[in-house]
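Since the structure comes first, as structure tokens, the remarks are kept for the end.
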Amino acid sequence: MAEEEGPTVELRQRKKLKSSENKESAKEEKISDTPIPEKAPKHVLFQRFAKIFIGCLAAVTSGMMYALYLSAYHERKFWFSNRQELEREITFQGDSAIYYSYYKDMLKAPSFERGVYELTHNNKTVSLKTINAVQQMSLYPELIASVLYQATGSNEIIEPVYFYIGIVFGLQGIYVTALFVTSWLMSGTWLAGMLTVAWFIINRVDTTRIEYSIPLRENWALPYFACQIAALTGYLKSNLNTYGERFCYLLMSASTYTFMMMWEYSHYLLFLQAISLFLLDSFSLEQSDKVHEVYKIYIFSLFLGYLLQFENSALLVSPLLSLVVALMLAKCLQLNVKKGTFIAKIMKVINFYLVCILTVTLNIIMKMFVPHKENGHMLKFLEVKFGLNMTNGKSLKETITLEDGRIGGRPEIIYHVIHTILLGSLAMVIEGLKYLWTPYVCMLAAFGVCSPELWMTLFKWLRLRTVHPVLLALILSMAVPTIIGLSLWKEFFPRLMTELMELQEFYDPDTVELMTWIKRQAPVAAVFAGSPQLMGAIKLCTGWMVTSLPLYNDDDLLKRNENIYQIYSKRSAEDIYKILTSYKANYLIVEDAICNEVGTMRGCRVKDLLDIANGHVVCEEGDKLTYSKYGRFCHEVKINYSPYVNYFTRVYWNRSYFVYKINTVISFQS
């Protein structure tokens, strides 16, 4: 009996241990139970090193080759090196012209501090308005580019425009390299990275906007987002060592903050990413601690961005901040229950709804107390509906082998699937954002054909027994991407070479003549009015002041654009004159392409939209025009009859543009 009492007493004493001691003992047992890895033979280490070296070399080479391809394609498309400076600047259209113009202003400034001050207190761009251009237009890329250009002594080697577009092309190379690495991390083979790059370049019309316009904010920002996703993919891996985890965390922190500084809409993409991580955490994939570390990165980046972006209120009222705070509050309120039980499943559902309610509530409260105007129109596009599936609550093994055929047990894979679905939902709502989704479709597709684990999972579902599934999975993961790669090489490589060999020419003599006339004939203090896209080009090519800009995140500028566009509506000469003089405009430019636009879809032209807004179209009667005693202003002003000649005097014209001086002394005769 005495021998039997010992174990019983010891068992009772263990039950009285504190929960903290239980956790510590559990950790010790886990550490002691973990098998100590044996030292790999030298030939195995050499094979691993060779694999990593070849993969890294392929990734860097892919990025460099893509950057060189973009540079060569840009040269062939615009014949850039043979152009004069004015003709080169005309290739920057719309808002891109504004971004590059401020880059030029920074280079002309006597010092960096003076240049920043002039941009943050800018009263030489828009008439009757002083703007903080750095905050309003996210000009941090231009500030960095100007500093690098002068600090590296590049002004003695390369022209400013080549340095500027060279940085953007280099970032696109980093973009491709990051996608390569992400696909490599997911599949375990660098063949997936090569296939990702190939599909990215072949579908570049849908994967990037670099061909549309070089200085766009997303062209500067998305490479950092790709680096952040690559670091996040490595960070979420279960078998990552401490040093690798620390490196991924630091890279993720730096790239998240940089991405947020480069693009004003970056926090919306991070919001979708946070939703993906929340769903990943809800699947009980034992990555909760890592996911919440990512939430801390979001918080740090938001508040640091708020301070350095001149107290940007859009970051405080962003859905990202509300969601992350709600997730952290829900984490504090969570109860420790045993996984896999019915109560655990109920608690997960409650936690899901609690996070949703807290997110909406916090966002409403922030908007009530924080004055904001920016980016409010973007929120309606983020109402994405998605479902939540619960697991059986079983914990995963520490290491998932190829024989298991459980690709769904890897948290980084689940994250990418969810994130790609959310980006696809966003692309369906806004077709113009397809370039955000397509790169990750290419990456997932490459992972799908190159991953032995995915093939093994497929064979397990099909219950394949005739052939050894592991061997077949390894063979197919090598053979299928090789066949696809060879077919892509045969079909698309000649096309890419043909594109580089063709000499295209950007020919716009009318715009060159207009800019030349403005620089030679118009007074330095003159203010020009016209379409926002043309005003951006005038600001870049001449430096003259304008009445509006192609920017859509400011209520006053939006109202200005709407009012100036009335020159293409059916309004009286007096109405147009009052609008233009209210902005102190001296010259009006009418574009024949807008005035005589022949669109394929009626109702989508600028003049159609103006007629609808002014009540000149009754849609119920089949686009029947209502009575208007005034003709379309842009047509009538060309005829040179009263009362139009009383208000406007034509001073220059060519095939595309008509320039009118706005008279200061008016003879009001009918």
Side-chain angles (χ1 to χ4, degrees), residues 19-20 23 228 232 235-236 238 249 252-253 256 260 266-306 314-370 379 382-396 411-412 414-419 421-423 425-426:
S19 59
S20 61
K23 293 180 180 178
Q228 190 254 18
L232 179 60
Y235 184 69
L236 291 176
S238 302
Y249 184 83
M252 186 166 44
S253 302
T256 300
M260 194 171 292
S266 58
H267 55 90
Y268 291 112
L269 277 184
L270 294 175
F271 171 67
L272 292 183
Q273 186 182 73
I275 294 176
S276 305
L277 292 172
F278 167 53
L279 294 178
L280 173 64
D281 189 19
S282 301
F283 287 151
S284 297
L285 294 176
E286 297 189 347
Q287 296 293 327
S288 180
D289 293 337
K290 288 187 176 182
V291 169
H292 282 269
E293 288 297 323
V294 180
Y295 294 158
K296 293 177 183 178
I297 293 176
Y298 291 151
I299 294 289
F300 173 78
S301 300
L302 281 169
F303 281 104
L304 188 60
Y306 169 76
L315 297 180
L316 294 183
V317 299
S318 68
L320 174 63
L321 180 60
S322 302
L323 175 62
V324 172
V325 173
L327 288 168
M328 289 187 167
L329 289 176
K331 175 73 172 179
C332 297
L333 298 176
Q334 271 186 344
L335 299 177
N336 292 324
V337 294
K338 187 177 180 180
K339 294 182 179 180
T341 62
F342 177 76
I343 297 178
K345 296 179 180 180
I346 295 297
M347 291 302 299
K348 282 185 175 295
V349 175
I350 294 175
N351 181 68
F352 176 78
Y353 284 104
L354 178 63
V355 168
C356 295
I357 293 172
L358 282 175
T359 300
V360 175
T361 304
L362 289 172
N363 196 255
I364 293 174
I365 293 174
M366 293 297 291
K367 289 182 177 179
M368 289 174 59
F369 291 97
V370 178
L379 291 177
L382 295 175
E383 298 173 356
V384 181
K385 296 181 181 180
F386 52 86
L388 179 64
N389 295 323
M390 306 297 293
T391 62
N392 53 19
K394 293 182 180 178
S395 60
L396 301 175
E412 69 273 19
I414 300 299
Y415 158 73
H416 277 287
V417 172
I418 298 173
H419 193 204
I421 291 174
L422 292 180
L423 287 176
S425 303
L426 184 65

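In this structure the side chain of Phe303 reaches within 4.5 angstrom of the side chain of Leu316, judged on heavy atoms. Residues Ile418 and Ile275 form no side-chain contact, since every pair of their non-hydrogen atoms from C-beta on lies 4.5 Å or further apart. Between Leu277 and Leu236, the closest side-chain pair of non-hydrogen atoms falls below 4.5 Å. Within the 4.5 Å cutoff, the side chain of Asp281 has heavy atoms near those of the His292 side chain. Looking at heavy atoms from C-beta onward, Ile297 lies in side-chain contact with Tyr249 at the 4.5 angstrom threshold.
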Going through the checks in order, is the side chain to side chain contact (heavy atoms under 4.5 Å, CB included) test met by Leu327 and Leu323? CA-CA 6 Å; Leu327 288 168; Leu323 175 62; 3.9 Å; yes
How far apart are the C-alpha atoms of Leu315 and Leu320, what are their side-chain angles, what is the distance that settles it, and do they pass the side chain to side chain contact (heavy atoms under 4.5 Å, CB included) test? CA-CA 8 Å; Leu315 297 180; Leu320 174 63; over 6 Å; no
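Using a 4.0 Å cut-off between charged side-chain N and carboxylate O, Glu293 and Lys290 make no salt bridge.
Ser266 contributes atom OG, which lies 8.5 Å from atom CG of Leu302 (distance to the nearest 0.5 angstrom). Of the inter-residue distances, the one linking Leu422 atom CG with Leu279 atom CG reads 7.0 Å to the nearest 0.5 angstrom. Met260 contributes atom CE, which lies 7.5 Å from atom OG of Ser318 (distance to the nearest 0.5 angstrom).
Annotation for Ser276 and His419: closest pair OG-CA, 3.3 Å, computed over non-hydrogen atoms. Scanning both residues, Leu280 and Pro411, for their nearest heavy atoms gives CD1-O, 3.5 Å.
With sequence neighbours left out, the side chain to side chain donor-acceptor pair (under 3.5 Å) criterion links Tyr298 to Gln273.
The backbone N or O of Pro319 lies less than 3.5 Å from no partner atom in the side chain of Ser322, so there is not a single donor-acceptor pair.
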